[in-house]
Asker: 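Okay, here's the structure, questions in a sec.
Sequence positions, counted from 1, serve as the residue numbers for this chain. Atoms within a ligand are numbered from 1 in the order they appear, just like the ligands themselves.
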Amino acid sequence: MAELSGKLYLVSTGPGNENYLTPRALAAIAEAEVVVGYKTYLNLVKDMLGDKEIIGSGMRQELERCGTACKLAMDGKKVALISSGDVGIYGMAGPAYEVLLHSGWTPQSGIEVEVIPGVTALSACASLAGAPLTHDFCAISLSDLMTPWSVIEKRLIAAAKADFVIALYNPKSGKRTQQIIEAQKIFLSCRNPLTPVAVVNAAYREKEQLTLTNIADMNNQKIGMQTTLIVGNSQTFIKANTMITPRGYTDKYDIDEAVKLS
Ligand code: SAH
């Protein structure tokens, strides 16, 4: 039977700069007796860790870390499981709930669980590029480690055809280099090759880098584990080094009128 004094905070730490960590996330970390997370993200809050119990580990042990955090909380500890960006977006919130449910947890009978939202890579990266997400968009992860490539490919084609702005998470790693090339081919088959693309590396981190380019050129840029790409739709444009997707399709609203009124 679960020890009900335990609590599990699933904490978002934002893109990697303390200015984008929410007060609620900081309060949860302050309250926690145990903090569990990947080393790089623990570093971001290192000044707050004091004499708390810390469980850090490398990238590959993500699920193990998640299981440990859940178990400690069910044993009665206040635990903060921290994750970069938003913990619920390609993060640990899903696996954490799965582990809890698997052990018989329900919201009524089990320990308290709180998901604390945060600034995800796509909004962080969009803010650096300008305003590329002001119309319908979707996010697609190119990682086929846990998702079959056929599923990812189907989504890329559907999103490209439907004229969504597309944010690509996990575009490339040392070993996974082909997916972004396949994605580019799909975009080229249904969009103008000069459609704007933002390639954003390490947003709000020390090595932050923004490149505004286009579909034809996107794969000539530095792309790695800390990169998110934002591929524009048919209306997206770059002007004054700023990538913008208008709020509506151009024949539906009149910027001249808005300028006159201001
Ligand atoms: N939960 C995270 C996403 C984890 S998936 C979030 O909400 O942001 C990891 C992928 O996120 C990376 O491969 C990269 O595509 C993207 N990413 C995470 N942090 C980033 C940053 N600071 N700058 C650019 N992309 C980032």
Side-chain angles (χ1 to χ4, degrees), residues 9-22 24-25 28 36-45 57-63 65-66 69 80-98 115-130 132-133 137-147 152 155-156 159 165-184 197-213 218-219 221-231 243:
Y9 288 109
L10 299 166
V11 183
S12 305
T13 57
N17 171 322
E18 62 197 14
N19 290 328
Y20 299 93
L21 246 170
T22 64
R24 184 67 197 140
V36 184
Y38 181 51
K39 282 175 255 149
T40 315
Y41 311 129
L42 286 169
N43 232 357
L44 198 64
V45 290
S57 54
M59 204 61 156
R60 292 261 155 206
Q61 293 118 356
E62 260 198 345
L63 287 176
R65 228 163 41 218
C66 179
L81 174 60
I82 68 172
S83 181
S84 80
D86 186 302
V87 68
I89 298 182
Y90 304 118
M92 300 308 289
Y97 271 120
E98 284 184 277
V115 184
I116 298 169
V119 178
T120 187
L122 83 85
S123 53
C125 294
S127 72
L128 297 174
L133 303 178
F137 66 90
C138 66
I140 299 178
S141 166
L142 294 190
S143 172
D144 60 357
L145 296 180
M146 288 187 280
T147 306
I152 300 170
R155 288 183 185 162
L156 286 167
V165 174
I166 304 168
L168 295 176
Y169 280 75
N170 298 304
K172 192 175 178 179
S173 72
K175 287 191 185 141
R176 269 192 322 99
T177 55
Q178 196 54 33
Q179 288 80 2
I180 189 71
I181 296 171
E182 295 302 322
Q184 182 191 32
V197 174
V199 180
V200 190
N201 279 294
Y204 296 97
R205 296 182 188 175
E206 211 185 329
K207 294 191 175 147
E208 173 182 292
Q209 196 185 0
L210 162 73
T211 307
L212 296 181
T213 177
M218 61 186 240
N219 278 334
Q221 308 306 320
K222 181 183 148 211
I223 300 177
M225 298 273 281
Q226 292 190 39
T227 313
T228 298
L229 287 94
I230 302 177
V231 181
M243 179 172 170

Asker: Spell out, as yes or no, whether a donor-acceptor pair under 3.5 Å connects the side chain of R65 to the backbone of M92.
Answerer: no

Asker: Take a 6.0 Å sphere around CD of E18 and say whether it holds more than 12 heavy atoms from other residues, nucleotides or ligands.
Answerer: no

Asker: What residues sit with at least one heavy atom under 4.0 Å from ligand 1?
Answerer: P15, S84, G85, D86, I89, Y90, T120, A121, C125, Y169, N170, P171, V200, A202, A203, R205, M225, Q226, T227, T228

Asker: Return the set of residues passing side chain to side chain donor-acceptor pair (under 3.5 Å) with T227 (not counting sequence neighbours), or none when no residue passes.
Answerer: N201

Asker: Return the set of residues passing ring-ring contact (aromatic ring centres under 6.0 Å, His included) with Y169 (not counting sequence neighbours), or none when no residue passes.
Answerer: Y90

Asker: What heavy-atom pair brings A28 and A80 nearest, and what distance separates the two atoms?
Answerer: O-CB, 4.5 Å

Asker: Name all residues meeting the side chain to side chain donor-acceptor pair (under 3.5 Å) criterion together with E208; count only those two or more places apart in sequence or in a different chain, and write none if there are none.
Answerer: none

